[in-house]
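Everything numeric in this text was worked out from a predicted model, so none of it was measured. Naming: A, B, ... by sequence-line order, numbering from 1 per chain. All heavy atoms count here, side chains included; hydrogens, waters and symmetry mates do not.
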2 protein chains.
Amino acid sequence: MKLKTDLDSARDYSQQIAQTIRDAIIAGDLPVDGRLPSEGDLAARFGVSRPTVREALKRLAAQNLIRTQRGATGGAFVNRLNFEQAQEHMVTMATLLLSMNRVDFETAVEARFSLERTCLPLACTRRGPEHLARLRSEIARQAIDGLTDEGFCASDVAFHRALVDAADNPVLSWHLAGAVEAMQPLMNMITYTARSRAQIIALHSALACALDDRDLAAANAAMDELNAYTLELGSEIRTRRDRNRS
Amino acid sequence: MKLKTDLDSARDYSQQIAQTIRDAIIAGDLPVDGRLPSEGDLAARFGVSRPTVREALKRLAAQNLIRTQRGATGGAFVNRLNFEQAQEHMVTMATLLLSMNRVDFETAVEARFSLERTCLPLACTRRGPEHLARLRSEIARQAIDGLTDEGFCASDVAFHRALVDAADNPVLSWHLAGAVEAMQPLMNMITYTARSRAQIIALHSALACALDDRDLAAANAAMDELNAYTLELGSEIRTRRDRNRS
DNA sequence: CGTCTTGATATGTCTGACATATAAGACTTG
DNA sequence: CAAGTCTTATATGTCAGACATATCAAGACG
């Protein structure tokens, strides 16, 4: 394994070291589950102290690129990035992006439903009995009397998650689930006071039936209605808020 | 500002501290551009040493959640996460995800074109002259004689980037551009030896014209052809490789 | 009044040390 | 001889104190 060990003394050492190692991982120079040199070794190679190397490694650990193990055979190992971990990151990132950039409700709703619609053609073709079962089971949960708002929202997310998984393409699932899991909670936060659970359950059922029938047109129609209903709720909430202000 | 300062001595301090601060940022307890306490302060609050706090801060810096400034009025400040930074992260993550998980070519192509198709309905409605100009200018660049393979690939990515931007929804652009910019280079890497530039330019032109005419059906058709051509190239490459092996 | 100097404060880095987890080999013992 | 125990080497995790350096603000000086 070769690493560029010359550092620009003007910039942060730990950042440059992290970048060097990151590049090596992306280029495939460091194989998955491969062990990096020990902190002491790296410090000697780069000509810096151990704390500086450690800061660099923590940067990589924060991105799930490496994991560390203590003990005699321990060290830092290149992580096999899995879809689940990557999705957590994406959800965190998307949530922050939305909350920090004053994205208006309509824009977020548009993006979310546009993306989710993407899975419908594939889902109608490929949905298996296990996907249908997941959808139905979430619908059943949503219909339970006395279900808390948190529980309903969680099931809502799980339903849409199951929907994108029905397309049976892990890469697509990753992208769409990241979008849905980031935005659905934000939308629920806004609309949960005004929405009718019965209405949402009806639309979820329509989606599940459409997938069951492999009826793409019906699925798209149901998604459109869900989109429209969400927008309607949003404007209702806004009206209510404005009235309270005046 | 309140932070949970009790740490579980069994787990990494720096990770717990990073998580605590991250949660505070996500919850909005720490406003954008707000300054965190100094490293010394944080060390005292959490009852750990300054290097440990620094490791925690580097973790957050690796996710672009904070930036640091030296000097008397310096410190760690909460970053306003912007779409550009977030996209870099997404592209890195998506690239690693694909290369580390043996995603087969067909799955990646399917996900990529499914996602990109998402922008077409909106793009046909909203595309402005500036979007059309960007598309045309990239097509012109691709037709230049003597353009390197790298140049062609870069322009290819820029074209698709312009396409998703034509939908004029920043959230959607972020998601789709992340997908396109991660996967297009990987596909180019596989197919560039076999593909016909003229063919690709023709399909790009068809897409641009369809957007110009606001003709969604034509745009979808062109995208389908691009999808099919990419798959065709992929199987051609595979056949060629298999023949060489035997 | 404007410029310069100086000091305070913050991050960036280094050194050396100790604590602790872990595996492998050495050792002891039934 | 075999099984369990102990020791040791090596790695990360953490700490303490120190120095270097960047930056701003306030006071000194022309």
>> Taking side-chain hydrogen bond (donor to acceptor under 3.5 Å, both in side chains) as the definition, give me every residue that meets it alongside H89(B), ordered by chain and number, with sequence neighbours left out.
In response: N64(B)
> Q19(A): what forms a side-chain hydrogen bond (donor to acceptor under 3.5 Å, both in side chains) with it, not counting sequence neighbours?
Replying inline: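 For Q19(A) the side-chain hydrogen bond (donor to acceptor under 3.5 Å, both in side chains) partners, ignoring immediate neighbours, are R22(A), D23(A).
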Separation of atom [atom1] in [X] from atom [atom2] in [N], rounded to whole Å:
X      : N       : atom1 : atom2 : answer
F77(A) : dT10(D) : CZ    : C1'   : 12 Å
D12(A) : dT11(C) : CG    : P     : 12 Å
I66(B) : dA10(C) : CD1   : P     : 16 Å

> Tell me, which pairs form a side-chain hydrogen bond (donor to acceptor under 3.5 Å, both in side chains) where one or both residues lie in residues 69-83 of chain B, sequence neighbours left out?
Replying inline: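 Counting only pairs at least two positions apart or across chains, the side-chain hydrogen bond (donor to acceptor under 3.5 Å, both in side chains) contacts touching residues 69-83 of chain B are R67(B)-N79(B).
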> Could you give all pairs that pass the side-chain hydrogen bond (donor to acceptor under 3.5 Å, both in side chains) test and reach residues 51-62 of chain B, with sequence neighbours left out?
Replying inline: R54(A)-E55(B), E55(A)-R54(B), S14(B)-R59(B), E39(B)-R54(B), S49(B)-T52(B)
> Under a 4.0 Å heavy-atom cut-off, which of residues 51-65 of chain A touch DNA chain D?
Replying inline: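 Hits under 4.0 Å, by residue number: R54(A), K58(A).
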> Tell me, for nucleotides 18-26 of chain C in 5' to 3' order, what letter each nucleotide earns: B for a base near a protein heavy atom under 4.0 Å, S for only sugar-phosphate near one, - for neither?
Replying inline: -BBBBS---
> How would you list, by chain and number, every residue that makes a side-chain contact (heavy atoms from CB on, under 4.5 Å) with T107(B), sequence neighbours excluded?
Replying inline: N169(A), P170(A), V171(A), V103(B), D104(B)
Listing, residues 146-154 of chain A side-chain donor-acceptor contacts under 3.5 Å, not counting sequence neighbours, or none:
residue	atom	partner	partner atom	Å
T148(A)	OG1	G151(A)	N	3.0
D149(A)	OD1	R197(A)	NH2	3.1

> Excluding sequence neighbours, so at least two apart, what forms ring pair (Phe, Tyr, Trp, His ring centres under 6.0 Å) with H160(A)?
Replying inline: H204(A)
